[in-house]
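Residue numbers start from 1 in every chain, and the chains themselves are labelled A, B, ... in the order their sequence lines are given, proteins ahead of strands. Bear in mind that the values here come from a model prediction, so they are computed numbers and not experimental data.
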Protein chains: 2
Amino acid sequence: MTEYSEKQLQIMDTALKLFSEKGYDKTSIRDIAQAADVNVAMVSYYFGSKEKLLEALFRNHFSFITTTLENILYEKESSAFEKVERIIDVFINTLFSRQKFNQLMMRESSVVNEGPLFDMILEMKTKNRKLVERAVKSGQRLGVFRKDVSVVFLSSVMIGSVNQMLANCRYEARSAKLEGESKEAFKKERIEILRIHLKRMFIAYLTYDSNK
Amino acid sequence: MTEYSEKQLQIMDTALKLFSEKGYDKTSIRDIAQAADVNVAMVSYYFGSKEKLLEALFRNHFSFITTTLENILYEKESSAFEKVERIIDVFINTLFSRQKFNQLMMRESSVVNEGPLFDMILEMKTKNRKLVERAVKSGQRLGVFRKDVSVVFLSSVMIGSVNQMLANCRYEARSAKLEGESKEAFKKERIEILRIHLKRMFIAYLTYDSNK
DNA sequence: TTAATTCAAACAAACGTTTAATTAATAATT
DNA sequence: AATTATTAATTAAACGTTTGTTTGAATTAA
């Protein structure tokens, strides 16, 4: 589907970049227009307003991310352990490949109280939890996972730790003045650590009984 | 120390409330002045500028939080397990009792690249990791914790999951139209779940060996 | 009397948005 | 195929608000 013209996508790309770097409020339409090499009026012309441009960005990435996550539900995995590991992989890959949007969403979600953005974010949070819930219950039915685990806890840990790790990376990279390639390599390294240890930790939590 | 007068504290309290609810950029000095029942000029008069008011807020909470966290280092605990649990308790208690500031810091940390705020946040992140590192190494020396655990991972999980849980709470509360007392009760309930399961999960991760 | 506080008013700058004129692209007509 | 009519895209300029901040007079406290 060619929902957006090339020019519109150019504006959206630039807006996403600036929004994620400087924040929505600190990015002016003139900033976007200059960076995207278009006239200031084009944003209103194509999207109606600055806020509707933000909504367009959300709709554009949101549906992709949710369907990606949803698809795991219908995958046939051979074991509950693999299911958990697969969820972690998809989560990390999705958040990592859409870092900019994720950073933007994380930031704006804390001050949005209603409207289309609120609804989209809420739906995403709900889907995340459903996903984790399925995997956990599957393992519990098979008798390999403990019964007394918390799904809200697990989904908070999942999404929270990934975002915190990425936020820390950005901070350390800025502090160490890493740029471009070396910065991405640094991030990638950290993300792989996260991937391995998150899997190990989840499995340990889901199976380990401290009473021997 | 009476570093700030009562009027100044009144402005700072109001500013923190509004900054955390609406975000720094979306809160105008006139908003603060009106809510704090003072003249608009008073913010500049007392703090110099809006940004310096934000810095004052940071300095005010930051030193308290860091010293609180730091104090665990000098506590004598009887076991490495207790040490880990104690750190989780202090983290959760501190973040929970200073929710507004924490929300503000989380939001602004993603767009600050330099200056006093950047330095404070970086110092806090470093201290968090040092704290976790000490507890982990203590347990490793005693032979009760695995050697192949990641400290950057653990501190990301710690801070990330607490913040994610609180963010989710705010979202669900808003969606269910919870207000005041019932909202706080809901939060408290979730935080206690987090406390219990985070401890269990950390202990499991630090001790459990999947190869029997 | 001196200094600190409070205030309404005004300031310039930046903001999102609109306007009205112009150019480019597309469709229709000869 | 060439010309005209119509729509879409683009532009510089201007609009009305809102922003953070300052001013200078008035009020209060020391």
Starting at CD1 of Ile11(B) and ending at P of dT21(D), how long is that distance when rounded to a whole Å? 13 Å
Between atom CZ in Phe19(B) and atom C1' in dG20(D), what is the gap in whole Å? 12 Å
Test the Lys125(B)-Tyr171(A) pair against the cation-pi criterion, namely NZ or CZ under 6.0 angstrom from the six-membered ring centroid and within 45° of the ring axis. yes
Within this structure, what is the CE-to-C1' distance between Met42(A) and dT18(C), rounded to whole angstrom? 14 Å
Would you indicate, yes or no, if dA12(D) has its OP1 or OP2 atom less than 4.0 angstrom from a side-chain nitrogen or oxygen of Asn39(A)? yes
Value in whole Å for how far the C1' atom of dC7(C) lies from CG of Asp37(B): 13 Å
Does Glu184(A) pair with Lys187(A) as a salt bridge, N-O distance under 4.0 Å? yes
Would you say the rings of Phe202(A) and Phe81(A) are close, in the sense that their centroids are separated by under 6.0 Å? no
Take atom CD of Gln34(B) and atom P of dA8(C), then tell me their distance rounded to the nearest Å. 12 Å
What is the nucleic acid contact for Tyr46(A), judged by heavy atoms within less than 4.0 Å: base, sugar-phosphate only, or nothing? sugar-phosphate
Going by atom types alone, do Asn168(A) and Gln164(A) pair a side-chain donor with an acceptor below 3.5 Å? yes
Enumerate all atom pairs, one protein N or O and one N or O from nucleotides 13-17 of chain C, separated by less than 3.5 Å.
{"unit_1": "dG16(C)", "atom_1": "OP1", "unit_2": "Lys50(A)", "atom_2": "NZ", "d": "2.8"}
{"unit_1": "dG16(C)", "atom_1": "OP2", "unit_2": "Ile29(A)", "atom_2": "N", "d": "2.9"}
{"unit_1": "dG16(C)", "atom_1": "N7", "unit_2": "Arg30(A)", "atom_2": "NH1", "d": "2.8"}
{"unit_1": "dG16(C)", "atom_1": "O6", "unit_2": "Arg30(A)", "atom_2": "NH2", "d": "2.9"}
{"unit_1": "dT17(C)", "atom_1": "OP2", "unit_2": "Lys50(A)", "atom_2": "N", "d": "2.8"}

Salt bridge Glu172(A)-Arg129(B), side-chain N to carboxylate O under 4.0 Å: yes
Below 4.0 Å: OP1/OP2 of dT6(C) and any side-chain N or O of Tyr45(B): no
Got a salt bridge between Glu192(B) and Arg195(B), using NZ or NE/NH1/NH2 to carboxylate O under 4.0 Å? yes
